[in-house]
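All chains are named by letter (A, B, ...) in the order of the sequence lines, taking the proteins before the strands, and each is independently numbered beginning at 1.
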Amino acid sequence: MPTKDCRGEKCPRESKPNVLKNPVNRFAPILLPAATAAIFLLIWHLLVRLSGSDLFPTPLDVARGIQELVEKGLLLKYIVASLFRVSWGFMLAVLVGVPLGLILGWFRPAFQALNPMIQILRPISPIAWIPVAILWFGIADSAPVFLIFLASVFPITVSSMAAVQNMQLVYLRAAQNFGVTGMQLFRRVIFPAALPQIITGIRIALGIAWLVVVAAEMIAVNSGLGYLIIDARNAGKRYDLVVAGMVMIGLIGLVLDLLIRRLERFDEVKWGYGQR
Amino acid sequence: MDNAKTMIEVRDCWKSFPGKKAGEQVHVLERVNLDVHAGEFVCVVGPSGCGKSTLLNIIGGFIKETRGTAKVAGSPVNGPDPRRIFVFQENGVFPWLTVEENIGFGLMSKSAAHREERVAHYIGMVGLTGFEKSYPRELSGGMRQRVEIARALAADAEVLYMDEPFGALDFLTRLKMRADLIRIWQAEKKTIVFVTHDIEEAVQLADRVVVMSKRPATVAEEVKIDLPRPRDLDSPGYLGARDRIFAIMGMDVHGGGAGDPR
Amino acid sequence: MKLISTTFLLGALWLVLISVTHGHLNLKWFAPKVAGTTAAGDKFRIGFLPVTCHLTCPVTDFINQQVEGQSMFEPVRFSGWPELKEAFLSGYTPATFILAPMAMALREQGVPIKVVYLGHRDGSAVMVHKDSQIYRMEDLRGKRIAVPNRYSNQRLLVFRALKQANMTVQDIELVEMPPPDMPAALYSKAVDAISSGEPFMAQTELDGYGRVLWLTKDVWPNFISCVLAVHEDFIKNDRETVQRLVDGIASSGKWLDTTMENRMDAAKFVSKNYYNQHPRLLEFVLSKPPDRVKYTNLALRKPDFEEIEALALQAGVIQKDVIFEDYTDASFVPDDSAVKAHAYQGLQGGEVPPRK
Ligand SMILES: Nc1ncnc2c1ncn2[C@@H]1O[C@H](COP(=O)(O)OP(=O)(O)OP(=O)(O)O)[C@@H](O)[C@H]1O
Ligand SMILES: [Mg+2]
C-alpha cells in the first residue's frame with residue numbers, strides 16, 4: 001500500500017509505475033503475444049510438413065476450414081449454440097453457487113452437513129455425468145446446460161464459502177459493533193467482504209464451463225463448437241475442422257476471460273486484488 | 001467526579017487462550033480490576049503484548065473473559081453494542097465503501113439529511129474534506145485511521161473504546177487529533193477508554209492512567225492526573241505524572257527500560 | 001452496488017440476446033411454419049449413427065420428404081453407442097438402430113426393447129495398415145485389434161474368425177474405440193487392426209494407408225450387425241406407425257439395391273444432409289464391390305439370431321440363453337418378395353435439396 005499523502009487533489013486511482021516509459025513498452029501488450037502466436041504457427045506448420053503427415057492439418061488448412069465454416073454460415077450458428085449453453089449453465093451455477101457458498105461459509109452446521117457431500121461430488125468429471133444427463137434430460141439443450149452447470153457450480157460454491165470463512169474478523173466486529181445483524185449483516189458486510197474472492201472463483205468457473213463445452217456437446221445435440229469437433233471426426237479426414245473447432249474454442253475462451261476480468265475493475269472489489 | 005456513577009466495572013477478570021500445544025494455556029490477564037466512571041477519560045498503558053487489546057475486547061463484548069465479571073452500565077457485557085463504539089487497532093474501515101459511506105455506516109437508521117450533515121461535519125474534523133468519494137485503498141494509512149475515528153465519533157455513542165487510534169498518524173496530525181478528541185469529549189460528555197503505548201499521550205489526555213504489568217497482566221498501578229486542560233506540558237504536575245508512570249513501567253518491564261515499551 | 005446491478009443487467013440482456021439468437025439460428029423458432037408439416041417435436045425420433053449399417057434411416061427420411069413432402073420421423077444422429085443407448089433408455093428416441101447383441105443384452109437386463117427389422121446385411125470389414133505383415137488371421141497373434149463396443153457384432157466377428165483359425169481371444173488384445181476414431185488410430189499404428197461398420201473402414205483404404213484383411217461377406221455371409229428396434233410401449237400404443245416405419249425402411253432398402261444410380265444418389269444426399277462426410281466415401285463403400293453391404297433380405301430369421309446368440313454367450317456379452325421370440329417382434333416384417341422400392345426417381349443429376 002502506498003503511504004504517500006495526496007493532499008488537496010484526489011490520489012490517482014491507477015498507481016502504475018511510470019518509470020519505464022519508453023516507446024517499445026506501449027505496443028508490448030499487443031506485439032509480444034502476436035510474436036508468440038506467429039512463432040507457434042510457424043513451428044506447427046514446419047512440424048506438419050516435416051512429419052509428412054497428410055492427416056494432421058497445417059495452420060493454412062485450418063484457416064481454410066474456418067473460412068469454409070463461415071461461408072456455410074455454420075460458424076456463427078455453432079458459436080451461438082455453445083455460448084447459449086454455457087451462458088445458461090454458468091448463470092444457473094452462479095445463482096445457485098454464490099448464495100449456497102455464502103450460507104455454508106457462515107453457518108457452521110450447514111457447512112458440516114453439506115461440505116462432505118460437495119467435496120465428494122466436486123471431483124467427478126462432467127464426462128462421467130453424461131449418462132445421467134441423457135437419462136434425465138434426453139438430448140435437448142437442457143442436457144449440456146446441466147453438465148456445464150455441474151462443472152461450474154462447485155468451484156463457485158467452494159470459493160464463495162472460503163471467501164466468507166477467510167473474511168477479516170475486524171470487519172465483522174466493526175459491523176456487529178454498529179448493531180448490524182441478520183440479513184443486513186449479510187448484505188452490507190459479509191457479501192461485499194467476500195466479493196473479490198467470489199469473483200475470482202467465478203472467473204475460474206467460467207473457464208471450466210467453457211472447457212466442458214466439448215464434452216457437454218458430445219451428447220447428440222446437433223450444433224455447437226463441441227459438436228463441430230465430434231462431427232468432424234465422423235466426417236472422415238476432416239481434422240482441419242477438428243482443429244478449427246479447437247482454435248475457435250480457444251479464442252472465445254480468451255475473450256470470455258478478458259470480459260470477466262472487467263469485474264475486477266469495479267471500485268467495490270478492487271481492494272481485493274492487490275496493486276496492479 | 002468521584003461521586004459519578006460507575007460506567008465500566010471489571011472485577012477479578014482472568015483470560016487465557018489455548019496455546020500452541022494441545023491442553024496448554026497462555027495466561028494473558030490475571031485478576032484484573034478496573035472501574036471507569038461515566039464521563040471519565042481513562043488511558044491504559046502497558047508493555048506490548050501484555051493484554052491491553054484483550055482487556056478492551058472483553059469490555060467491548062468481542063471476547064469472553066475466562067473468569068470474573070465485566071459489567072457496563074450496570075449489566076454484564078453480552079456482545080457488542082452500538083451505544084459503545086470501538087476503534088480497532090487493526091484498521092476496521094470497510095474497503096468496499098467510500099470515505100463518506102464508511103463514516104455514515106453507523107447512521108443508517110437516521111434520516112438522510114441528518115446523516116449527511118454529521119458525515120460532512122466529521123469529515124471536516126478529521127481533515128478529509130475532498131476525499132469523500134475516495135476508497136480506502138486510495139488513502140494513506142493515517143488517512144484510513146482518521147476515517148475510522150470519524151466513523152466512531154459520527155455514531156454518537158456514549159462510550160468510546162479506542163485501541164491505539166493515533167498509532168499510524170504523523171506527529172502534527174496526532175497533536176491535532178488529541179485536541180479534537182478532548183474537545184469532543186468535553187462537549188459531549190462521553191466515557192472514553194483509550195489504549196496507547198505512548199505514555200506522553202496518556203498523560204496529556206487522561207483523567208486517570210491505568211498501568212498494566214507484563215503478561216500475565218494485571219493492573220500494576222493507577223495514576224490520577226488532576227491537571228487542568230488544556231494541559232501545560234512543562235508544568236511540574238505534568239512532568240511528575242509522566243515520570244511516575246515511566247518509573248512504574250521501568251520497574252515492571254524487564255529489559256524494556258523507561259520510555260516506549262515497543 | 002454498482003457492480004451487482006451492472007452485472008445483473010448486462011447478464012440478463014446477454015441471456016435474452018443469446019437465447020433469441022440461438023432460437024433463431026439453431027432451433028428455427030421464427031421460421032414460418034410450412035403448411036402441412038408438423039413441428040419436429042410432434043414426430044417420433046429414431047436414433048442412428050453415421051455408418052452404412054444405418055443407411056436406410058436417412059434414406060427413408062429423405063425420400064419421404066421428397067415424395068410425400070414430409071418425413072414420418074425425426075432422425076437423431078449420435079456419435080457413439082453409449083449415448084445412442086442412453087437416449088433410447090430415457091425414452092427420448094422410442095425407436096433406434098442398434099447393435100443386435102446390444103439389443104439382446106438390454107432385453108436380458110429387463111429393458112422393454114423389441115427388434116422389429118434388420119438394418120442391413122454385411123457391410124463390415126477388418127482393416128490392417130498397408131505396411132504391416134498381417135495377411136491372415138493367424139498373423140494377428142499378439143496384436144491389438146479395435147472394435148466399436150463389447151456388444152458389437154464386429155467383436156463377435158473377430159471371435160468367430162479366431163475360432164476358425166484355431167485361436168482364442170487370449171491370443172490377441174481387443175480394445176473398444178468409437179468408430180470415428182479408428183482411422184486415425186490405424187494411421188498412427190496405435191492399433192494393428194480395426195473393425196467397425198462402414199464407411200470408416202473404406203476411409204483408410206481411400207486415404208491409402210489401410211488394407212482389407214477381409215470383408216464380412218467373405219467370412220460370415222449375410223452378416224448382421226445392426227437392427228431396427230423399438231420400445232414395447234411404442235408397439236402397444238401405435239402399431240400402425242411402427243408398421244409404416246418398417247415398411248418405409250424396407251422400401252428404402254429395396255430402392256437402394258435396385259440400381260447403382262440410386263446408390264450413388266443416396267451416397268450424395270446422405271453424405272450432404274445427414275452424415276456430413278465426403279460423398280466419395282459412401283460412393284466407394286456402396287460400389288466397391290457392390291455387395292460390400294446389402295439392404296435387401298432384411299426379414300428376421302431365427303437361425304441368424306441363434307448364431308449370434310451362441311457367439312454372444314461365448315463372448316460373455318449375454319449371460320444366459322435369450323429367447324428369440326422375446327426380444328423380437330416379427331409381426332411387422334413384410335414378405336421379402338412383396339417389398340416394393342420407393343417410387344422416387346432419384347436426384348436426376350440435380351443438386352441435393354436441403355433437408356426441411
Ligand atoms: N485469539 C488469541 N489466541 C491466542 N493468543 C492470543 C489471542 N489474542 C491475543 N493473544 C495473546 O495474548 C497476548 C496479549 O495480546 P493483546 O493483543 O491483548 O496485546 P496488547 O497489549 O494489545 O499488545 P500491543 O500493544 O502490541 O497491541 C499476546 O501475547 C497474544 O499473543
Ligand atoms: Mg493491542
### Query
Which bit of R262(A) is near chain C, if near means a heavy-atom gap under 4.5 Å: side chain, backbone, both or neither?
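For R262(A), there is no contact with chain C at all, as no heavy atom is under 4.5 Å.
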### Portion of W88(A) that has a non-hydrogen atom of chain C nearer than 4.5 angstrom
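Contact with chain C is through both the backbone and side chain of W88(A).
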### Task
Identify the residues of residues 84-91 of chain C whose heavy atoms come closer than 4.5 Å to a heavy atom of chain A, ordered by number, or report 'none'.
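The stretch touches chain A at E86(C), A87(C), L89(C), S90(C).
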### Query
Which salt bridge (Lys or Arg N to Asp or Glu O under 4.0 Å) pairs, counting each pair once, include a residue from residues 180-191 of chain C, with sequence neighbours left out?
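Found R233(A)-D181(C), D131(C)-K189(C).
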#### Entry: Interface residues of residues 73-81 of chain A facing chain C - non-hydrogen atoms under 4.5 Å apart
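The list, in residue order, reads L76(A), K77(A), V80(A), A81(A).
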### Message
Please classify the contact of T7(C) with chain A as side chain, backbone, both or neither, using a heavy-atom distance under 4.5 Å.
### Response
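Interface part for T7(C): side chain.
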#### Entry: Euclidean distance, I230(A) CD1 relative to F78(C) CZ, rounded to 0.5 Å
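That separation rounds to 13.0 Å.
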### Query
Roughly how far, to the nearest 0.5 Å, is the CD1 atom of I18(C) from the CZ atom of R85(A)?
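Taking CZ in R85(A) and CD1 in I18(C), the distance rounds to 10.5 Å.
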### Task
List the steps and the verdict of side chain to side chain contact (heavy atoms under 4.5 Å, CB included) for D141(A) and N26(C).
CA-CA 11 Å; D141(A) 276 332; N26(C) 293 303; over 6 Å; no
### Task
Specify the closest pair of heavy atoms between R77(C) and Y227(A), including all atoms of both residues, with the distance to one decimal.
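That would be NH2-OH, 3.2 Å.
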### Query
Which heavy-atom pair separates Y239(A) from P180(C) by the least distance, and what is that distance?
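Distance-wise, the nearest heavy atoms are OH-O, 4.5 Å.
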### Message
Are L83(A) and T21(C) packed together at the side-chain level, in the sense that at least one heavy-atom pair is separated by less than 4.5 angstrom?
### Response
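In short, these two side chains do not touch, never coming nearer than 4.5 Å.
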### Message
Within the 4.5 Å heavy-atom criterion, are T6(C) and F266(A) side-chain neighbours or not?
### Response
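Answer yes - side chains close enough.
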### Max heavy-atom pair count under 4.5 Å with chain C, selected residue of F84(A), W136(A), F137(A)
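The residue among F84(A), W136(A), F137(A) with the greatest pair count is F84(A).
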### Max heavy-atom pair count under 4.5 Å with chain A, selected residue of P82(C), P183(C), S188(C), S19(C)
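If we count pairs closer than 4.5 Å to chain A, S19(C) comes out on top.
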### Task
Could you tell me which residues satisfy salt bridge (charged side-chain N to carboxylate O under 4.0 Å, His left out) with K288(C), sequence neighbours excluded, listed by chain and number?
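K288(C): no salt bridge (charged side-chain N to carboxylate O under 4.0 Å, His left out) contacts found.
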